[in-house]
Amino acid sequence: MTARGWVLPVAVLLGFVFLYAPIVSLVVFSFNDSRLVTVWGGFSTRWYGELLRDRQILGAAWVSLQVAFASATIATVIGTLAAFVLTRFGSFTGRLLLTGMATAPLVMPEVITGLSLLLLFVSMELTLGWPAGRGLTTVIIAHTTFCAAFVAVIAQSRLRDMDESLEEAARDLGAGPVRVFFDVTLPVIAPALVSGWLLAFTLSLDDLVIASFVSGPGASTLPMVVFSKIRLGVSPDINALATIIIAVVVIAVVIAGLLLRRSARP
Amino acid sequence: MSAPATNALTRSLPWRLTARVVGAMGITGRTLVIAVPMLWFLVFFLVPFFVLGRISLAEAIIARPPYTPLWERMPDGTLTIIASLENFRFLLADRLYANAYLSSIRIAVVSTVFALLIGYPMAYFIARAPEPRRSILLLLVILPFWTSFLLRVYAWMGFLRREGVINNFLLHIGAIDRPLIMLQTDFAVYVGIVYTYLPFMILPLYANLTKLDQAHLEAAADLGASPMVTFFTVTLPLSMPGIVAGSMLVFIPAIGEYVIPALLGGPDTLMIGRVLWDEFFQARDWPVASAVAIVMLFLVVAPIMWLQSVQNRRELK
């Protein structure tokens, strides 16, 4: 074997160890009986029990799920419309502006997005009286905006790959634009939209920085509560929470992967 | 949607009424469809930057809202615009801010280089792996990205702590006789950034390397180039767009990072995202926080535009 023959696989293996070792240790120590997160004190599920009795965490998880569900759904509608307009409407006034606005949120630092949206909400409240205070609504709006950009990217690539002769055939047979969209385009791109929705849902569940800026009292999301806890140090019930999240994500990713594979097939 | 359902929708009274009113106003359905995403992004993405710019010109006061108004009506009825570049002058005068910007760039550059060094061999290996191993490896790269970002950073707190997994292991095998200080250092911040953004480096590199024309490599080999020479003269230059895209995807979020320096960094780890956060949440100085954000915006817009132009050039080819 040449030198290069084994150097590369070993480097790749180390790369995967780097990616997975911290996650594996999180999961392992979630079943640790000891309060010391990194010293093994025997197998136990007590931290899962403590987690389920923690009202603050459960409340925040409920807030996060509501926010993620609402913003993923609205973001899928807005992102799909943006993608449809950009791929099917040819040229129109403001096309370049919309392209920019639908991609820029992807690369905008979260602290800037969060601060600028908060300042917008405060100014709107002063001049228009809406939104009254900050809470669930403002977090949903903020998450919808950056999630819609992600959905738009996914939907655009699917719409570009899609065989446009299907839509042409429907039009030739006398279908109006609304019917063509709902009866032809939408069913074809639906699997991509499902994975877009799932991505938006995860991104919303994951966000700490933007939510911290635009949220108000009584609407702390799960990452906000977790952050305030781990700032003080490691704690085993957070390991239990991480394990649950990892389990859910693995299941969701497998489902999304299967859907994407089906949508990729011609 | 099924055909009958669509028919029912387009024949329903509310739909026809809306269509009538909208049609009477001279607005086509096309305009309406454009208007929805356009208005949403205008109001909730573009307008906030103008608000940000306006408040960066105000002054902090103890009131609700905690900044001075942009204009004030004088007793004689004239409007006076109150705007000052005082906050920007303050940013220039105080070394803290310049240091934070420079330190953010340094941390982002170092992390990007390490992410490239770790990510390139992985992307190269995956791109050349046969199916179905390739798909599985790719899924393994993406999977951590879907789990909570915050909890992945938290995992490193448990790893790098004084009584953490790494120290316990090294003490156990006798490689060290006293724990290493790793948490709350710049080193921990590098590890955290490379770890969380590695998938963003690998994916564009992978996409680029799978498209690499095998014929180029064979031609180089036929002409007598060794695998090493082929790699450095053919593969590496051809994968440049992937390197640029991956590096930007790591560099851009790294520069504004808040969570990683806050959890893994020490009190002296300066990053601009953290300075902005503290300025807002601790000092409660909204105008200065806005000015920091405006300067930061220019710091990230330049590399983004560069990335866009590189991508556009590639699409034209």
Side-chain angles (χ1 to χ4, degrees), chain A residues 4 8-9 11-12 15-16 18-19 22-23 25-26 29 36-38 78 81-82 84-85 89 92 94 98 101-102 104-105 107 109-112 115-117 119-120 122-123 126 141 145 148 177-179 182-183 186 202 206 208-209 223 226-227 230-231 234 238 242 245-246 249-250 253 257, chain B residues 1 3 6 10 29-30 33-34 36-38 40-41 44-49 51-52 55 65 118 121-122 125 139-140 143-144 146-152 154-159 161 163-165 168 195 198 227 252-253 255-256 258-259 263 273 276-277 280 289-290 293 296-297 300 304:
Chain A
R4 217 165 123 247
L8 186 63
V12 173
F16 278 107
F18 174 66
L19 274 181
I23 295 178
S25 104
L26 257 189
F29 282 104
L36 298 164
V37 177
T38 43
I78 292 171
L81 282 177
F84 188 74
V85 161
F89 276 19
F92 56 89
L98 184 62
M101 290 193 303
V107 289
E110 291 166 317
V111 280
I112 298 184
L115 177 63
S116 61
L117 269 170
L119 297 178
L120 174 83
V122 170
S123 309
L126 285 173
I141 291 174
T145 307
V178 177
R179 272 202 73 170
F182 281 111
D183 292 348
L186 203 57
T202 334
D206 214 19
L208 164 74
V209 173
V226 169
F227 184 67
I230 62 180
R231 252 194 145 167
V234 283
I238 298 296
I245 291 177
I246 290 166
V249 162
V250 169
V253 164
Chain B
M1 211 183 273
T6 317
T10 50
R30 185 183 145 96
V33 173
I34 296 173
V36 173
M38 189 73 108
W40 183 282
F41 282 115
F44 297 119
F45 183 73
L46 201 60
V47 172
F49 290 111
V51 181
L52 191 71
I55 291 174
I118 298 172
M122 294 178 77
F125 184 82
L139 187 69
L140 282 176
L143 207 58
W146 286 84
T147 65
S148 165
F149 164 78
L150 190 56
L151 293 173
R152 276 183 293 147
Y154 167 72
W156 279 99
M157 291 172 71
F159 246 55
R161 255 149 46 96
E163 312 81 22
V165 175
N168 282 351
Y195 181 72
L198 193 58
I252 292 167
I255 232 178
Y258 165 72
V259 176
L263 289 178
L276 193 159
W277 178 286
F280 180 82
S290 306
M296 195 170 156
L297 203 57
V300 291
I304 294 167

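What you see below is based on every heavy atom in this structure, not just the backbone, and it leaves out hydrogens, waters and symmetry mates. In what follows, chains are A, B, ... by sequence order, proteins preceding strands, each numbered from 1.
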Heavy-atom closest contact ([X] atom, [Y] atom, distance):
X	Y	result
Ala11(A)	Pro121(B)	CB-CB, 4.4 Å
Phe41(B)	Thr145(A)	CE2-O, 3.6 Å
Ser116(A)	Pro48(B)	O-CB, 3.5 Å
Ala293(B)	Leu115(A)	CB-CD2, 4.0 Å
Ile118(B)	Gly15(A)	CG2-CA, 4.5 Å
Leu19(A)	Pro144(B)	CD2-CG, 4.5 Å

Say you draw a straight line from [atom1] of [X] to [atom2] of [Y]; how long is it, rounded to the nearest 0.5 Å?
X	Y	atom1	atom2	answer
Phe49(B)	Leu119(A)	CZ	CG	11.0 Å
Leu140(B)	Phe16(A)	CG	CZ	5.5 Å
Leu117(A)	Leu52(B)	CG	CG	10.0 Å
Leu151(B)	Phe227(A)	CG	CZ	12.5 Å
Phe159(B)	Leu26(A)	CZ	CG	9.0 Å

Exercise. What option among Val85(A), Ile245(A), Ile78(A) has the most heavy-atom pairs under 4.5 Å with chain B?
Worked result: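 Top count of heavy-atom pairs under 4.5 Å with chain B: Ile78(A).
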Exercise. Pick from Ile141(A), Val122(A), Val250(A): which one has the most heavy-atom pairs with chain B under 4.5 Å?
Worked result: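 Looking at each option in turn, the highest pair count goes to Ile141(A).
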Min side-chain heavy-atom separation [X]-[Y] under 4.5 Å:
X	Y	answer
Tyr154(B)	Val226(A)	no
Glu110(A)	Tyr258(B)	no
Phe149(B)	Leu208(A)	no
Val33(B)	Phe89(A)	yes

Exercise. Should Trp40(B) and Met101(A) be marked as a side-chain contact (heavy atoms from CB on, under 4.5 Å) after you check the CA-CA gap, both sets of side-chain angles, and the distance that decides it?
Worked result: CA-CA 10 Å; Trp40(B) 183 282; Met101(A) 290 193 303; over 6 Å; no
Exercise. Side chain, backbone, both or neither: which part of Pro109(A) has an atom under 4.5 Å from a heavy atom of chain B?
Worked result: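 When you check distances to chain B, only side chain atoms of Pro109(A) fall under 4.5 Å.
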Problem set entry | Test log, rule side-chain contact (heavy atoms from CB on, under 4.5 Å), inputs Ile230(A) and Leu150(B) | CA-CA 10 Å; Ile230(A) 62 180; Leu150(B) 190 56; 4.2 Å; yes
Exercise. For chain A, which of Ile255(B), Leu276(B), Val47(B), Leu139(B) has the most heavy-atom pairs under 4.5 Å?
Worked result: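 The residue among Ile255(B), Leu276(B), Val47(B), Leu139(B) with the greatest pair count is Leu276(B).
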For this session: Start with the C-alpha distance between Phe280(B) and Val111(A), add both sets of side-chain angles, then the distance that settles side-chain contact (heavy atoms from CB on, under 4.5 Å), and finish with yes or no.
Result: CA-CA 10 Å; Phe280(B) 180 82; Val111(A) 280; over 6 Å; no
Exercise. Relative to chain A, which segment of Leu198(B) carries a heavy atom at a distance below 4.5 Å: side chain, backbone, both, or neither?
Worked result: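 Contact with chain A is through the side chain of Leu198(B) alone.
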For this session: Describe, in one word, how the ring planes of Phe18(A) and Tyr195(B) are oriented to each other, choosing from parallel (under 30°), tilted (30 to 60°) and perpendicular (over 60°).
Result: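 Phe18(A) vs Tyr195(B) ring planes: perpendicular.
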